[in-house]
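Side chains are part of it too, since the values below use all heavy atoms of this structure and drop only hydrogens, waters and symmetry mates.
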Amino acid sequence: MTQQSSQLSAVNTAETHTAKAALSTKSVTLAYEDNVIAKDLTVDIPQGKFTVIVGPNGCGKSTLLRSLSRLLVPQSGEILLNGENIHHQSTREVAKKLGLLPQSAIAPDGIKVIDLVSRGRFPHQKWFQPWSEADQQAVELAMQATGVIDFAEFNVDQLSGGQRQRVWVAMALAQETSLLLLDEPTTYLDIAHQIELMDLFQDLNQIQGHTLVAVLHDLNHACRYADHLIMIKAGEIIATGSPNEIVTEALIEQVFGLSCLILSDPISNTPLIIPRGRKTAN
């Protein structure tokens with residue numbers, strides 16, 4: 001077992017997490033003012049799985065994630081967290097069950113890594129309650145699990161993009177939630193840092209038992225790491241299921257307008273999508 005896997009196991013065996021949260025939508029219509037993005041969406045997020053939402057630009061992927069995270073109120077329908085409308089629950093109660101890594105998260109100027117990660121303890125704090133040993137342990141375990149413990153006293157703006165993403169993940173882990181939502185977490189990272197981060201998410205799911213929901217652009221990352229895919233086009237869910245079950249050349253062309261060849265990834269035995277590109281005349 002790797003050092004990171006051992007650290008994740010330590011977090012898990014500490015038995016600090018809340019009960020697993022069930023998340024779903026029921027016939028929701030999502031819009032920004034008069035601009036309707038999606039209508040009548042019903043989605044169930046499988047507990048204990050790594051779900052990835054994919055689709056072309058502007059199809060409603062991030063809008064769906066924003067609604068699942070309580071940042072966007074649907075025009076109609078319901079977002080259900082543990083069977084109750086998420087908008088009928090307090091911010092603090094939702095934050096005990098659900099953590100969010102937003103797209104292009106920005107840290108306050110000059111904040112230290114340990115101080116940013118410590119903000120993940122907000123849902124567990126009460127007025128006039130001193131910082132506890134449990135708070136300190138949660139923060140330290142989260143930083144160890146994400147490999148940022150050595151940067152505790154660094155300013156966040158001193159870190160690389162990949163390191164900063166790990167700090168934000170650590171803050172979400174410090175919340176001690178069972179459910180993590182990730183909005184395009186690998187954007188702007190080089191390929192090595194993308195794989196490093198995706199491996200971390202896979203460990204959080206498989207070793208620590210988190211339910212993860214991510215929006216990704218890279219279809220091959222989605223196929224390699226996801227247990228469950230949600231494929232969207234123009235605000236409509238076209239297909240759901242495991243990558244091996246649903247990903248076909250016909251589906252990729254239907255959703256993305258991309259002619260491709262699909263092979264078996266020799267590492268993961270999941271679909272590997274090879275774009276055909278333009279045919280050149282001989």
Side-chain angles (χ1 to χ4, degrees), residues 1-21 47-50 95-102 105-108 110-125 129-183 185-186 188-214 221 225 227:
M1 182 179 288
T2 65
Q3 181 182 14
Q4 184 182 86
S5 297
S6 298
Q7 290 164 344
L8 287 167
S9 295
V11 178
N12 191 42
T13 55
E15 295 183 352
T16 54
H17 294 297
T18 58
K20 287 188 176 181
Q47 289 194 46
K49 302 295 185 181
F50 189 172
K96 288 180 180 179
K97 304 166 189 171
L98 181 155
L100 172 66
L101 178 62
I106 299 175
I111 192 170
K112 291 183 178 181
V113 167
I114 192 167
D115 294 329
L116 183 60
V117 176
S118 296
R119 292 190 176 193
R121 298 302 298 161
F122 158 76
H124 305 277
Q125 298 295 301
Q129 175 180 304
W131 187 257
S132 69
E133 183 177 341
D135 292 325
Q136 188 64 30
Q137 182 185 39
V139 169
E140 289 179 359
L141 286 173
M143 293 174 67
Q144 289 170 0
T146 52
V148 298
I149 192 72
D150 291 339
F151 305 122
E153 296 300 322
F154 284 52
N155 286 345
V156 174
D157 54 17
Q158 292 178 270
L159 305 181
S160 70
Q163 291 165 342
R164 284 197 299 272
Q165 286 292 72
R166 284 177 166 270
V167 171
W168 285 106
V169 175
M171 187 183 78
L173 287 180
Q175 287 178 233
E176 297 183 327
T177 66
S178 65
L179 177 59
L180 293 176
L181 306 184
L182 314 163
D183 193 1
T186 59
Y188 308 125
L189 299 183
D190 62 45
I191 185 62
H193 283 104
Q194 289 179 30
I195 297 300
E196 184 180 74
L197 201 60
M198 292 303 298
D199 284 344
L200 171 61
F201 295 147
Q202 188 174 63
D203 284 347
L204 290 174
N205 170 245
Q206 295 183 354
I207 297 173
Q208 197 176 343
H210 284 281
T211 298
L212 268 64
V213 187
H221 284 176
Y225 289 96
D227 301 303

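- Contact check for H221 versus I195: side-chain heavy atoms found under the 4.5 Å cut-off.
- A172 approaches L180 most closely through the heavy-atom pair CB-CD2, 3.6 Å.
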Under 3.5 Å, which donor-acceptor pairs do the side chains of residues 110-123 form with other protein atoms, sequence neighbours left out?
residue, atom, partner, partner atom, Å
K112, NZ, E153, OE1, 3.0
S118, OG, I114, O, 2.6
R121, NE, D135, OD1, 2.9
R121, NH1, A174, O, 2.8
R121, NH1, E176, OE1, 3.2
R121, NH2, D135, OD1, 3.0

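- Scanning for side chain to side chain donor-acceptor pair (under 3.5 Å) contacts around Q136 gives W131, E140, with sequence neighbours left out.
- For D183, the side-chain contact (heavy atoms from CB on, under 4.5 Å) criterion is met by S62, L65, Q103, V215, not counting sequence neighbours.
- For H193, the side chain to side chain donor-acceptor pair (under 3.5 Å) partners at least two apart in sequence or on another chain are D190.
- More than 12 heavy-atom neighbours from other residues, nucleotides or ligands sit within 6.0 angstrom of CD1 on I191.
- Going from atom OG1 of T211 over to atom CG of L204 covers 11.5 Å, rounded to the nearest 0.5 Å.
- Of all the heavy atoms in N205 and F50, the pair that sits closest is ND2-N, 3.7 Å.
- With a 4.5 Å cut-off on side-chain heavy atoms, V167 and F151 do not count as touching.
- We find the CG-CD distance between L173 and Q144 to be 12.0 Å, quoted to the nearest 0.5 Å.
- Side-chain atoms of Q163 do not come within 3.5 Å of backbone N or O of V148 as any donor-acceptor pair.
- Nearest heavy atoms, V156 versus A107: CG1-CB, 3.9 Å.
- Taking CG of D227 as the reference point, atom CD of Q206 lies at 6.5 Å (rounded to 0.5 Å).
- In this structure the side chain of V169 reaches within 4.5 angstrom of the side chain of F201, judged on heavy atoms.
- Atoms CD and CG, from Q175 and L98 in turn, are 8.0 Å apart once rounded to the nearest 0.5 Å.
- Shown here are the side chain to side chain donor-acceptor pair (under 3.5 Å) partners of Q194, two or more places apart in sequence or in another chain: there are none.
- In plain terms, the two heavy atoms of L197 and R166 that are nearest each other are CD1-CG, 4.1 Å.
- N155 meets the side chain to side chain donor-acceptor pair (under 3.5 Å) test with no other residue; sequence neighbours excluded.
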